[in-house]
Engineer: 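Below: one structure in C-alpha cells.
In each ligand, atom 1 is the first atom listed, and ligand 1 is the first ligand listed. Values below: every heavy atom of this structure, side chains too, minus hydrogens, waters and symmetry copies.
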Amino acid sequence: MVVDLHAHSTASDGSETPSALVEMAVSRGLTTLALTDHDTLEGVEEARAAAEMADIDLIPGTELSLDFDGGMHLVVLWLEPGPGPLQDRLASLQEGRNRRNATIADLLVALGMPVSIEEVAEEAGSGSVGRPHIAAVMMRKGYVRSVAEAFDLWLGAGKPAYSGRPRLSPEEAISLAVTSGGVPVLAHPHTLGINRSHEMAQLLTRLRSAGLVGLEALCAGYHRHEREGYADLATRFDLVPSGGSDYHGAYKPGLELGIGYGDLEVPASVVSQLRAHARAS
Ligand code: AMP
Ligand code: ZN
Ligand code: FE
Ligand code: FE
C-alpha cells in the first residue's frame, strides 16, 4: 500500500484538475492522496467528490512558504476548508501573492520581456497564482525555453525579476496549523540549505517544540542514503518521516504522482503515524 502526501493541482501551480489528480492517484494504485496546493484549499471540494466516487482516501491540505533564510515550506495535512485560524489567513497570503506577482510583471516589462497580469491570470485560472504561471507565460512568449530556465535566469531568489512576499514565521504557521486541526509537516528539507548537522538539530528542536509533527524524508530526487538520513533525523527528533512526489504536472516535467522520478514509495503506515502523533502531541 503506497500513498502520496504532497501534490499540487490547478487550484495552485499544478497542471491537472483536482479530480484528474485523484483519478491519476487511483490508476497508480495509491490508497491515499494529500492535496497540498499553495496557500489554498480551493481544490479540496472537487478532489473529495472524485475521491468518494473512486474509493481512495483524500487528505485535504495546503503548503505554506515560511519566513526563513533559504526558504522553508510547510505542508499542513488534514486542514479542512471553512473558517478557522489558518484557513482565515490564506486569503491574505493570496493577496500578498497577487501584489508580488504585479511587481514581478513590472520588473519583466522593465527587463524587456513584457508579461501582463491578465496573461498570468489566464494561465493560472482560479486559485493561487504563482511564479510557475508567470514562467509558463514567459515560455509561451519565447523568452525562455522552460519553466526551470525562467526560475534559473529571472524568477528565482536573487534573480533580476525576483520579488518576495509576506510570509508567516515557522512558529506562527505551525501554531496556526495545529490550532486549526491540521498536522504540520516540514517539506523537502534539502531546500532549507542547511548542511551542518548541529544547525539542523537546532532547527528541528525549535520546530518540534513549536508543534511540528512530520518531516518529509521520502522526496522525489533523493538518493536512498538521503531518504535514510532524513528518516533517521526524523526519528531522533520524534517526528514522523513523511513524503510525497510534490507533483505539479506539466509545470515540473519528469516528475510523476506517487513515484516521483520512478523510485519513490511512501508506505501507507506513514498516514496512521501522522494521525496518531498529531493526537498525542
Ligand atoms: P511562488 O509560490 O509563486 O513563490 O512560486 C514558488 C513555486 O514555484 C514553488 O513552490 C515551486 O512549485 C515552483 N518552483 C520553484 N523553483 C522552481 C524551479 N527552479 N523550477 C520549477 N519550478 C520551481
Ligand atoms: Zn508549486
Ligand atoms: Fe514546496
Ligand atoms: Fe509543493
Engineer: Keeping the roles fixed (side chain from E149, backbone from R145), state whether a donor-acceptor pair exists under 3.5 Å.
Structural biologist: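 Checking the backbone N and O of R145 against the side chain of E149, a donor-acceptor pair under 3.5 Å is found.
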Engineer: Hey, is the main chain of G244 close enough, under 3.5 Å, to the side chain of E216 for a donor-acceptor pair?
Structural biologist: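 Not confirmed, E216 side chain does not pair with G244 backbone.
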Engineer: Between I104 and V120, is any pair of side-chain heavy atoms under 4.5 Å apart?
Structural biologist: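 A side-chain contact under 4.5 Å is absent here.
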Engineer: I'd like to know if the side chain of E46 and the backbone of G43 have a donor-acceptor N/O pair within less than 3.5 Å.
Structural biologist: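 Pair absent, no side-chain N/O of E46 close to backbone of G43.
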Engineer: Under a 3.5 Å distance rule, please check whether T191 uses its side chain to pair with a backbone N or O of H188 as donor and acceptor.
Structural biologist: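 At least one qualifying donor-acceptor pair exists.
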Engineer: Quick one: pull up CG in D246 and CG in L5 and give me the separation to the nearest 0.5 Å.
Structural biologist: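 One gets 12.0 Å once the value is rounded to the nearest 0.5 Å.
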Engineer: Look only at the side chain of S9 and the backbone of A11, and say whether a donor-acceptor pair between them is shorter than 3.5 Å.
Structural biologist: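 Between the backbone of A11 and the side chain of S9 there is a qualifying donor-acceptor contact (under 3.5 Å).
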Engineer: State which residues pass salt bridge (Lys or Arg N to Asp or Glu O under 4.0 Å) with E23; sequence neighbours excluded, sorted by chain then number.
Structural biologist: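 Salt bridge (Lys or Arg N to Asp or Glu O under 4.0 Å) list for E23, sorted by chain: empty.
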Engineer: With side-chain hydrogen bond (donor to acceptor under 3.5 Å, both in side chains) as the rule and sequence neighbours excluded, what pairs involving residues 258-268 come up?
Structural biologist: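 Every side-chain hydrogen bond (donor to acceptor under 3.5 Å, both in side chains) pair that includes a residue of residues 258-268, provided the two are not neighbours, is R227-D263.
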Engineer: What is the number of protein N/O/S atoms located under 2.8 Å from the Zn ion (ligand 2)?
Structural biologist: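 Protein N, O or S neighbours of the Zn ion (ligand 2) under 2.8 Å, waters not counted, come to 4.
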Engineer: Mind counting the protein N, O or S atoms sitting less than 2.8 Å from the Fe ion (ligand 3)?
Structural biologist: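 For the Fe ion (ligand 3), protein nitrogen, oxygen or sulfur atoms under 2.8 Å: 3.
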